Participant: 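Below is the structure I would like to discuss, written out as C-alpha cells.
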Amino acid sequence: MKKNKFPATNKKLINWVKDMARLCGPDNIVWIDGSAKQQRVLEEEAVKNGEIISLNQKKLPGCFLHRTAIDDVARTEHLTFICTKKKRDVGPNNNWMRPKLAYKKAGDIFRNAMRGRTMYVIPFSMGPVGSEFSKIGVELTDSRYVVLNMLIMTRVGKDVLKQINNGGDFTKCLHSKAELDINRRLIMHFPEDNTIWSVGSGYGGNVLLGKKCLSLRIASFLAKKEMWLAEHMLIMGIEDPSGHVEYIAAAFPSACGKTNLAMLLPPEGLKRKGYRIWTVGDDIAWLRVDSDGALWAINPESGFFGVAPGTNSQTNPSMVKTIKKNTIFTNVLRKPDGTVWWEGADGQVPKEGVDWQGRPWKPGLRDADGKLITGAHPNSRFTTPVENCPTVSFRMEQHHGVPISAVVFGGRRAHLAPLVYEAFNWQHGVFVGSTMASERTAAQVGKIGEVRRDPMAMLPFCGYNMADYFKHWLKMGKKMKNPPKIFHVNWFRTDESGKFLWPGFRDNLRVIEWIIERCNNKIGANKTPIGFVPNIADIDMTGLKLSKTILEKLFAVRKEDWLEELKSISIFFKKFKKDMPPKLWKEYRDLVKRLKA
Ligand code: GTP
Ligand code: SPV
Ligand code: MN
C-alpha cells in the first residue's frame with residue numbers, strides 16, 4: 001500500500017504520530033479511513049505475506065484464518081502493568097511500574113521495531129460516534145491483523161478523525177508486534193497520560209487496544225473521575241410476551257458465558273410464551289446515571305471477539321449464523337475444504353486438518369506426554385461484526401444506550417454458589433460482586449481450574465486500586481434514584497462426578513425470567529444468609545426433566561461451605577489494608593452473623 005498524506009489537522013495528533021514513527025522507524029505510514037476499499041487491499045496484502053489465510057470464500061465469504069505464535073495465545077497478565085506516579089494508586093490488584101521506567105523499558109523494545117514494516121494509524125471510537133458515552137482512541141500498529149480486527153471491533157475512520165481535528169481528546173495507543181518474543185513483551189497503561197503501549201504480542205486482548213486496555217483499564221480510571229462505570233459485562237434485552245423489553249447487564253469472568261448468554265435463543269418450553277432476546281453487547285458495558293436517576297448502558301464495541309470451542313448450533317445458534325461471513329478466526333483448525341473446526345463445533349470431528357499450530361492433525365493424536373492434541377487452541381477465537389448477529393438490538397447505535405433493570409454477577413463455581421440468588425440491597429450487592437471468585441479458564445495464562453477471587457470479573461481489568469473501585473461502586477448506588485437490583489448466578493455447579501447439574505445455555509433464560517420477575521416485584525423468594533434464593537416452583541421448568549435431588553443441590557446454601565469461603569474472602573480483603581471500605585467489612589461481619597445464627 002502506498003504511503004498516504006496526513007489527513008489530520010490536529011497538531012497534538014500529528015506530533016504524536018511523528019514522534020512514535022521516529023521511535024519505531026517504520027518504512028511508511030498509512031492512515032486507516034474505514035473504507036471497504038482499503039480493507040480489501042489490506043486483506044490482500046495480509047494474505048500475500050501470510051499474516052492471514054483466505055478461507056473457502058464460497059462457504060465462508062469474507063472470512064480469514066490467523067495463527068498466533070505458540071506462546072501468544074491468551075492475555076499475559078504478568079506482563080501487564082499500570083504505570084502511575086504513586087504505587088498505591090494501582091493497588092495490590094495490579095502490577096505497577098514507575099511511568100518513566102515503563103516508557104524506557106518498552107521504548108527499548110519499540111526502538112526501530114517497525115523497520116521494514118508499515119505503521120498504520122487507526123482513529124477509532126468506542127461507542128457510537130458523537131455519543132456522550134463514547135471515547136476516542138488512535139492506535140498505531142505494524143500488524144495488518146490488528147487493523148483488520150479493529151475494523152470489526154470498533155468504529156473506525158473519517159468521522160472519528162473529524163472529531164479529533166475539531167479538538168477532541170483521544171487515547172494514544174501504540175502497538176508493535178516487534179519480534180513476538182514473550183521475553184520482550186509488555187502491555188503498559190499510563191492512565192495519567194491517557195496512553196497505552198503494547199509491544200511483543202499479537203494476541204487479541206493484548207493488542208486490540210480499544211478492548212480491555214482502553215475500554216476497561218483506562219476507562220475504569222476515567223469512570224471513577226467522571227462518576228460512571230466501565231465494566232466487564234454483557235448487555236442483553238429480554239422482550240416479554242407483551243412486547244416489553246427489559247435490559248440486564250451481567251459480569252462473568254473471561255470464558256464464563258457472557259457471549260453465550262448475550263445472544264441466547266429461548267428453550268422450547270419458554271419459546272411458546274413468546275420471549276425474545278436482543279443482544280446489545282457481549283463483553284464490555286459503559287454505564288451512566290441518566291437524568292431519570294436510573295442506570296443506562298452502552299456497549300462501546302461493534303464486534304464480538306468470542307471463544308470458538310464449544311460454539312455450535314445447540315449452545316449458540318445465533319453465533320453460528322453470525323460467523324458465516326466477514327469473520328477472522330484465530331487459532332482454530334483448518335479443514336481440507338478451507339472451512340474451520342474446533343472442539344465442540346457442529347458436525348462430525350474431521351478426519352484430518354491443519355491444527356492451530358499449522359501442523360497436520362488427526363483425531364486421537366497425542367503429544368510426547370500422552371496428552372490429546374486439540375485441533376483448535378482452547379482459547380481460539382473469532383472476530384465478527386455485531387451487525388451480523390440475528391439477535392442484534394436495534395438500540396446498538398442509540399447514543400443514550402439502554403436502561404438497566406438488573407446487574408448480574410456470576411462465576412464458575414463447582415461447589416459453592418447456588419444457581420441464582422439476589423442481594424438484599426445495593427450495598428450488599430456490591431459486597432456480593434466484591435467477593436466473586438471463579439475457576440481459572442484458558443482465557444488467561446496460568447493454572448486452569450484454580451479458584452481465584454475476581455471481584456465484578458474485573459480483577460485483570462480494573463485500572464486502579466480495587467479498594468477505591470469498591471468505594472466508587474458504593475458511591476454510584478447513592479447517586480441513583482432507582483438502582484438496579486443485584487443478583488449472582490452460577491451455571492457451573494457440579495455433582496460428585498464433576499457433571500454440570502444445570503443444562504445451562506438457552507435454559508439460563510429460566511433464571512433470567514425469575515430475575516426480571518423479582519425486579520418487577522411479581523414474586524416472593526426464600527431469605528437465606530447469603531441473599532434471596534428462589535422458591536423452586538417460581539422457576540419455569542417446562543420441558544426440563546431435572547430430578548428433585550438435582551434441584552435441591554442446585555439451590556442449596558451450605559453454611560459450612562460459606563464459612564470456609566469467608567476465610568479466603570477475608571485474606572483477599574486484607575490485601576487492601578486500610579483502603580478497604582468499612583461498609584464491605586460490615587457486610588462481611590453481617591454475613592458471618594447470619595451464617596452462625
Ligand atoms: P470472554 O470472551 O473470555 O470474556 O468469555 P465469555 O464470558 O464471553 O464466555 P463464553 O460465552 O464465550 O463462554 C465460554 C465457555 O463457557 C464456552 O466453552 C462455553 O461453552 C461455556 N459456557 C457458556 N455458557 C455456559 C453454560 O450456561 N453452562 C455451561 N456448562 N457452560 C457454558
Ligand atoms: C477476555 O479474556 O475476557 C476476553 C478476550 O474477552 S480478550 O480480548 O483477550 O481479553
Ligand atoms: Mn472478556
Side-chain angles (χ1 to χ4, degrees), residues 68 72-77 80 146 149-150 153 187 198 201-217 231-236 250-264 267 279 281-285 299 301 303-312 314-316 318-319 323 330-331 342-345 376-384 408-414 419-420 438-446 448 454 456-461 489-494 498-512 554:
T68 65
D72 194 19
V73 291
R75 282 179 291 101
T76 35
E77 292 172 10
T80 302
V146 167
N149 274 274
M150 287 293 283
M153 296 304 296
I187 296 84
S198 163
S201 172
Y203 169 75
N206 287 340
V207 300
L208 309 178
L209 300 185
K211 197 173 180 55
K212 295 304 171 31
C213 301
L214 191 162
S215 291
L216 290 178
R217 299 198 189 95
E231 300 298 327
H232 191 198
M233 289 177 175
L234 67 91
I235 308 166
M236 69 196 282
F252 311 152
S254 301
C256 289
K258 289 184 298 301
T259 301
N260 278 275
L261 186 63
M263 56 189 69
L264 69 73
T279 308
D282 81 323
D283 199 49
I284 298 176
N299 167 19
E301 302 188 285
F304 305 126
F305 183 59
V307 177
T311 305
N312 63 50
Q314 282 309 307
T315 56
N316 197 342
S318 295
M319 190 56 99
I323 58 181
T330 301
N331 291 341
W342 44 81
E343 280 64 27
H377 186 273
N379 192 39
S380 55
R381 299 215 171 220
F382 43 74
T383 320
T384 195
V408 182
F409 294 123
R412 203 178 264 272
R413 296 308 301 265
L419 184 61
V420 58
S438 195
E439 286 141 27
R440 199 192 287 269
T441 64
Q444 60 282 126
V445 172
I448 292 176
D454 190 356
M456 281 86 169
M458 280 290 278
L459 184 77
F461 308 120
V489 298
N490 177 22
W491 317 135
F492 300 93
R493 213 169 198 184
T494 58
K499 233 186 88 209
F500 292 124
L501 290 166
W502 178 246
F505 299 100
R506 56 178 71 196
D507 287 302
N508 294 336
L509 183 59
R510 302 171 193 274
V511 174
I512 304 288
L554 272 170

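Numbers here simply count residues along the sequence, with the first being 1. Just follow the structure's listing: the first ligand is 1, and inside any ligand the first atom is 1. As the structure is a prediction and not an experimental result, all values here were calculated from the model.
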Participant: Show the protein residues that qualify under the rule heavy atom under 4.0 Å from an atom of ligand 2, listing them in chain and number order.
Facilitator: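 Its neighbours under 4.0 Å (heavy atoms only) are R75, Y203, G205, K211, K212, H232, S254, D283, F305, R381, A443, F461, given by chain and number.
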
Participant: Quick check on contacts: which atoms of ligand 1 are under 4.0 angstrom from a heavy atom of N508?
Facilitator: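 Answer for ligand 1: 27 (O).
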
Participant: Leaving out waters, which are not shown anyway, how many protein N, O or S atoms lie closer than 2.8 Å to the Mn ion (ligand 3)?
Facilitator: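 Every protein N, O or S atom under 2.8 Å from the Mn ion (ligand 3) counted, the figure is 3.
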
Participant: With heavy-atom distances below 4.0 Å as the criterion, list the atoms of ligand 1 near H232.
Facilitator: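 Listed by number with element: 4 (O).
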
Participant: What part of C256, side chain, backbone, both or neither, has a heavy atom within less than 4.0 angstrom of ligand 1?
Facilitator: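 Near ligand 1, C256 shows its backbone, while the atoms from C-beta on stay back.
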
Participant: Considering heavy atoms of the protein only, find what lies nearest to atom 19 (C) of ligand 1 and give residue, atom and distance to 0.1 Å.
Facilitator: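 Residue, atom and distance for the closest contact: N260 ND2, 3.8 Å.
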
Participant: Using a strict 4.0 Å cut-off to heavy atoms of F500, name the atoms of ligand 1 that fall inside it.
Facilitator: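 What qualifies from ligand 1 is 30 (N).
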
Participant: Hey, does L209 have a side-chain heavy atom less than 4.5 Å from the side chain of L214?
Facilitator: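 No. Closest side-chain heavy atoms not under 4.5 Å.
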
Participant: Determine whether the side chains of D72 and S201 contain a donor N or O and an acceptor N or O closer than 3.5 Å.
Facilitator: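 Yes - a donor-acceptor pair under 3.5 Å links their side chains.
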
Participant: Closer than 4.0 Å to some heavy atom of P309 - which atoms of ligand 1 meet that?
Facilitator: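 Once the distances to P309 are compared, the set is 18 (O).
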
Participant: Just need the protein heavy atom nearest to atom 9 (O) of ligand 1, so name the residue and atom and give the distance.
Facilitator: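 Answer, as residue, atom name and distance: G257 N, 2.9 Å.
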
Participant: For the residue pair D454 / S438, report whether a side-chain donor-acceptor contact shorter than 3.5 Å exists.
Facilitator: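 The answer is no; no qualifying pair exists.
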
Participant: Would you kindly specify which portion of R412 sits under 4.0 Å from ligand 1, judged on non-hydrogen atoms: side chain, backbone, both or neither?
Facilitator: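 For R412, the contact with ligand 1 is made by the side chain alone.
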
Participant: State, with a plain yes or no, whether a side-chain heavy atom of L261 is found less than 4.5 Å away from one of I512.
Facilitator: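 Contact flag for L261/I512 side chains = yes.
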
Participant: Check whether R493 reaches the backbone of L554 with its side chain - one donor and one acceptor, N or O, closer than 3.5 Å.
Facilitator: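 Such a contact is found between R493 side chain and L554 backbone.
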
Participant: So, using ring-ring contact (aromatic ring centres under 6.0 Å, His included) as the criterion, who are the partners of F461 when residues are at least two apart?
Facilitator: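 By the ring-ring contact (aromatic ring centres under 6.0 Å, His included) rule, F461 matches H232.
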
Participant: Rounded to the nearest 0.5 Å, how far apart are CE of M263 and CE of M319?
Facilitator: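 M263 CE to M319 CE: 4.0 Å, rounded to 0.5 Å.
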
Participant: CZ/F492 to CZ/R413 distance, rounded to the nearest 0.5 angstrom?
Facilitator: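 One gets 12.5 Å once the value is rounded to the nearest 0.5 Å.
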
Participant: Verify the distance criterion only: is there a donor paired with an acceptor across the side chains of S380 and N331 at less than 3.5 Å?
Facilitator: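 No pair is found: no donor N or O on one side chain lies under 3.5 Å from an acceptor on the other.
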
Participant: Checking contacts here: is it the side chain or the backbone of F492 that comes within 4.0 Å of ligand 1, counting heavy atoms only? Could be both or neither.
Facilitator: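 Under 4.0 Å from ligand 1, F492 contributes side-chain atoms alone.
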
Participant: S215 side chain to G210 main-chain N or O, any donor-acceptor pair under 3.5 Å?
Facilitator: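 Looks like yes, one N/O pair under 3.5 Å.
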
Participant: For atom 26 (C) of ligand 1, find the nearest protein heavy atom and state the residue, atom name and distance (0.1 Å precision).
Facilitator: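 Scanning the protein heavy atoms, the shortest distance from atom 26 (C) of ligand 1 goes to F505 N, 3.5 Å.
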
Participant: Could a heavy atom of D283 be found less than 4.0 Å from some atom of ligand 1?
Facilitator: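 Yes.
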
Participant: Check ligand 1 against T259 and write out every atom of the ligand that is under 4.0 Å from a heavy-atom position of the residue.
Facilitator: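 Counting atoms of ligand 1 from 1, those under 4.0 Å from T259 are 6 (P), 8 (O), 11 (O), 12 (O).
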
Participant: Give a yes or no on whether the backbone of D283 and the side-chain of E301 come within a donor-acceptor separation of less than 3.5 Å.
Facilitator: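 Pair absent, no side-chain N/O of E301 close to backbone of D283.
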
Participant: Is ligand 1 less than 4.0 angstrom away from at least one heavy atom of G344?
Facilitator: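 G344 does not count as a contact of ligand 1 under the 4.0 Å cut-off.
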
Participant: Judged by atom type as modelled, is there a donor-acceptor pair below 3.5 Å linking the side chain of W342 to the main-chain atoms of A376?
Facilitator: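 Side chain of W342 to backbone of A376: no pair is present.
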
Participant: At what distance, to the nearest 0.5 angstrom, does OG1 of T76 lie from OH of Y203?
Facilitator: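 Separation between the atoms: 10.0 Å.
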
Participant: Please answer whether the main-chain N or O of P253 pairs with a side-chain N or O of R412 as donor and acceptor at a distance below 3.5 Å.
Facilitator: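 Here the side-chain-to-backbone pair does not exist.
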
Participant: Suppose I only count heavy atoms of A255 and a 4.0 Å limit; which atoms of ligand 1 are within that range?
Facilitator: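 Taking each heavy atom of A255 in turn, ligand 1 has 1 (P), 3 (O), 4 (O), 5 (O), 6 (P), 7 (O), 9 (O), 14 (C), 15 (C), 16 (O) under 4.0 Å.
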
Participant: Any atoms of ligand 1 less than 4.0 Å from a non-hydrogen atom of K258? List them with their elements.
Facilitator: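 Every atom of ligand 1 under 4.0 Å from some heavy atom of K258: 1 (P), 4 (O), 5 (O), 6 (P), 7 (O), 8 (O), 9 (O), 11 (O).
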
Participant: Determine whether F305 and T384 make a side-chain contact, defined as any pair of heavy atoms from C-beta on separated by less than 4.5 Å.
Facilitator: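 A side-chain contact under 4.5 Å is absent here.
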
Participant: Which of the numbered atoms in ligand 1 are below 4.0 angstrom from a heavy atom of R381?
Facilitator: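 That gives atoms 1 (P), 2 (O), 3 (O) of ligand 1.
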
Participant: Strictly by modelled atom types, are T80 and R217 linked by a side-chain donor-acceptor pair under 3.5 Å?
Facilitator: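 No, R217 and T80 have no side-chain donor paired with an acceptor closer than 3.5 Å.
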
Participant: Would you be so kind as to tabulate the donor-acceptor pairs closer than 3.5 Å made by side chains of residues 498-506, with sequence neighbours excluded?
Facilitator:
unit_1	atom_1	unit_2	atom_2	d
W502	NE1	N508	OD1	2.7

